[in-house]
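Every number for a ligand or one of its atoms is a count from 1 in the order of the listing. Side-chain atoms are counted along with the backbone in the values below, which use heavy atoms only and exclude waters and symmetry mates.
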Amino acid sequence: MMTPSLLGPTALERLNRARADLRIGLPVVLSHHAIVAAVETLTPERLAAMASLGPLTLGLTSWRAETLKARVYDGDLARIEVPAGADLGWLKALADPADDLMTPMKGPLSSQRGGDAAIARSAIALTKSAQLLPAVLIVEAPGDVPDSLTCLDAAEVERLLAMETVLDPVSAARVPMSLAHNGRLHVFRPEDGGEEHYAVEVGSPDRGEPVLTRLHSACFTGDVLGSLKCDCGPQLHAALEHMNSAGAGVLLYLNQEGRGIGLANKMRAYSLQDQGFDTVEANHRLGFEDDERDFRIGAALLRRMGISRVRLLTNNPKKVKMLESHGIEVVERVPLKVGKNPLNAAYLATKAAKSGHLL
Ligand SMILES: Nc1nc2c(ncn2[C@@H]2O[C@H](COP(=O)(O)OP(=O)(O)OP(=O)(O)O)[C@@H](O)[C@H]2O)c(=O)[nH]1
Ligand SMILES: [Zn+2]
């Protein structure tokens with residue numbers, strides 16, 4: 001008979017459960033003693049249940065805390081004391097900047113100093129990896145924690161999230177495209193239960209020569225809807241055209257929507273951009289870094305496809321550096337300047353000024 005422990009979830013599988021739990025509004029237990037929930041999906045009932053256990057702490061990233069004028073004592077994050085009786089509206093207003101301009105005064109906020117920020121740090125990392133707003137509610141569990149909740153060790157969460165994703169090929173088939181008839185789409189599935197990523201192979205690239213390559217991050221608005229706010233759609237099409245006329249190439253379609261924050265958060269960022277903030281400021285006001293993508297995935301996929309030398313279609317020097325530091329030689333950077341229009345000129349200028357893109 002198989003022992004029950006072999007049937008039970010590994011740490012990585014529990015991490016995946018934790019992501020799903022937080023997304024549906026369930027709290028999870030960290031390091032046996034802290035119950036944490038994502039503010040974005042919290043309900044009044046769960047807030048009341050957590051408040052009945054003891055004093056509550058709100059964990060926010062330093063970006064969000066700075067916007068709220070809360071003191072940051074923990075480097076990359078702040079732990080805010082939640083006043084007794086604070087309601088869900090109060091918490092959500094601190095987590096979500098949508099109404100910041102209408103209701104600028106949310107304080108005074110009191111930040112905890114000293115003590116251990118590890119729980120808050122790994123809880124915030126978990127909400128980010130679940131593509132939720134990086135804001136968490138924390139309470140110390142007074143005694144035994146409910147055994148129906150997913151339990152994880154805080155240090156283990158950070159270790160697992162920092163690990164390089166292992167991607168396995170799942171399936172592949174021929175896809176003739178209008179821009180490149182000789183196409184083949186490969187689907188890759190990460191072993192950590194994260195997003196699947198795709199590789200579009202045009203022709204049969206010679207692995208002995210540098211392969212014309214594009215690392216394209218998913219952009220539903222640009223790629224599918226033809227949004228004029230960015231240059232993604234034209235870049236996607238130009239890359240395929242380029243590969244078609246060169247006879248071969250590989251386009252990695254990485255499901256890192258919104259530079260890794262997910263479509264829901266990207267639309268939150270767009271709505272802040274409508275209030276006058278630029279693309280970088282909008283991410284920061286939401287509590288995110290300006291770029292949350294894990295660029296190692298691109299290198300891992302190329303290695304998996306037997307490609308070690310590339311001519312990279314990009315204007316982003318960070319992509320070049322990242323590939324080089326993960327075992328892929330970039331013999332040439334091929335600029336990809338298409339799709340500029342009056343509605344995305346400011347966006348492109350901000351990327352050049354603040355994110356190091358080459359114009
Ligand atoms: N958060 C956020 N993401 C955005 C915004 N505009 C576009 N994106 C995302 O940015 C990513 C586009 O980046 P890429 O074109 O792959 O790469 P890049 O860093 O611009 O570099 P290139 O290779 O030169 O194109 C996609 O994931 C888009 O969804 C925005 O205003 N906010
Ligand atoms: Zn785009």
Side-chain angles (χ1 to χ4, degrees), residues 61 63 97 128 131-134 195 197-200 212-240 242-243 249-299 301-302 310-323 328 330 332-341 343-359:
T61 67
W63 286 117
K128 277 191 187 181
Q131 299 198 328
L132 296 168
L133 284 171
E195 296 278 347
H197 303 286
Y198 321 130
V200 182
L212 186 61
T213 301
R214 165 93 183 134
L215 268 58
H216 189 87
S217 298
C219 178
F220 174 73
T221 46
D223 301 340
V224 180
L225 302 180
S227 159
L228 297 172
K229 271 182 70 82
C230 60
D231 55 347
C232 301
Q235 282 191 324
L236 175 64
H237 298 142
L240 289 174
H242 210 314
M243 291 171 191
V250 169
L251 182 138
L252 301 185
Y253 194 90
L254 305 171
N255 278 310
Q256 304 172 318
E257 176 66 60
R259 295 198 294 270
I261 66 176
L263 188 58
N265 287 320
K266 186 171 100 171
M267 289 307 101
R268 292 188 170 114
Y270 273 15
S271 135
L272 294 175
Q273 289 167 33
D274 286 341
Q275 296 178 22
F277 299 103
D278 71 30
T279 177
V280 170
E281 290 162 346
N283 263 38
H284 290 168
R285 290 186 80 87
L286 287 163
F288 291 106
E289 304 296 327
D290 55 332
D291 199 336
E292 295 272 359
R293 287 177 286 186
D294 180 355
F295 278 126
R296 294 173 304 181
I297 294 170
L301 271 183
L302 290 174
V310 298
R311 294 173 57 226
L312 191 67
L313 285 155
T314 187
N315 309 318
N316 184 350
K318 279 190 214 138
K319 288 186 181 174
V320 176
K321 264 196 223 123
M322 173 285 307
L323 283 187
I328 306 289
V330 181
E332 186 189 350
R333 182 184 72 81
V334 183
L336 193 56
K337 287 179 191 145
V338 287
K340 190 168 174 186
N341 71 56
L343 296 179
N344 68 15
Y347 164 76
L348 295 176
T350 302
K351 287 216 295 190
K354 295 190 175 178
S355 308
H357 284 67
L358 303 161
L359 274 179

For [atom], closest protein heavy-atom neighbour:
atom                    : result
atom 13 (O) of ligand 1 : R293 NH1, 3.3 Å
atom 24 (O) of ligand 1 : N315 N, 2.8 Å
atom 17 (O) of ligand 1 : K319 NZ, 3.0 Å
atom 12 (C) of ligand 1 : C232 SG, 3.8 Å

What atoms of ligand 1 come within less than 4.0 Å of a heavy atom belonging to [X]?
X    : value
I261 : 1 (N)
Q256 : 27 (O)
T279 : 30 (C), 31 (O), 32 (N)
H357 : 18 (P), 19 (O), 20 (O), 21 (O), 24 (O)
N316 : 18 (P), 19 (O), 21 (O), 24 (O)

Next item on the list: Assess the side chains of T221 and K266: does a donor N or O sit below 3.5 Å from an acceptor N or O?
Entry: yes
Next item on the list: To the nearest 10 degrees, calculate the angle at the Zn ion (ligand 2) involving SG of C230 and SG of C232.
Entry: 110°
Could you see which bit of [X] sits under 4.0 Å from ligand 1, with heavy atoms only: side chain, backbone, both or neither?
X    : result
D291 : neither
R259 : both
A218 : backbone
N283 : side chain
K229 : neither
Q273 : side chain

Does ligand 1 have an atom that lies less than 4.0 angstrom from a heavy atom of [X]?
X    : answer
Y347 : yes
Y270 : yes
K351 : yes
L336 : no

[atom2] on [Y] to [atom1] on [X], rounded to 0.5 Å:
X    : Y    : atom1 : atom2 : value
L286 : F277 : CG    : CZ    : 10.5 Å
L236 : S217 : CG    : OG    : 11.5 Å
K351 : D231 : NZ    : CG    : 5.0 Å
L215 : I328 : CG    : CD1   : 9.5 Å
N316 : R293 : CG    : CZ    : 6.5 Å
L348 : T279 : CG    : OG1   : 10.0 Å

Next item on the list: Can you figure out which of D231, T314, L348, L286 has its heavy atom closest to atom 22 (P) of ligand 1?
Entry: T314
Next item on the list: For side-chain contact (heavy atoms from CB on, under 4.5 Å), just list the numbers for L272 and Y270, CA-CA rounded to whole Å, side-chain angles, deciding distance to a tenth of an Å, and then say yes or no.
Entry: CA-CA 5 Å; L272 294 175; Y270 273 15; over 6 Å; no
Note to self: Pair R333, K319 - check side-chain contact (heavy atoms from CB on, under 4.5 Å), show working.
What the structure shows: CA-CA 10 Å; R333 182 184 72 81; K319 288 186 181 174; over 6 Å; no
Check: Should V200 and M243 be marked as a side-chain contact (heavy atoms from CB on, under 4.5 Å) after you check the CA-CA gap, both sets of side-chain angles, and the distance that decides it?
Finding: CA-CA 10 Å; V200 182; M243 291 171 191; over 6 Å; no
Check: Any N or O of G258 that comes nearer than 3.5 Å to an N or O of ligand 1?
Finding: yes
Note to self: If the threshold is 4.0 Å, N to carboxylate O, is there a salt bridge linking K318 and D291?
What the structure shows: no
Next item on the list: Measure across Q256 and D294 and return the closest heavy-atom pair with its distance rounded to 0.1 Å.
Entry: NE2-O, 3.0 Å
Item checked: Crowding at NZ, K337 (>12 non-hydrogen neighbours, <6.0 Å) -> yes
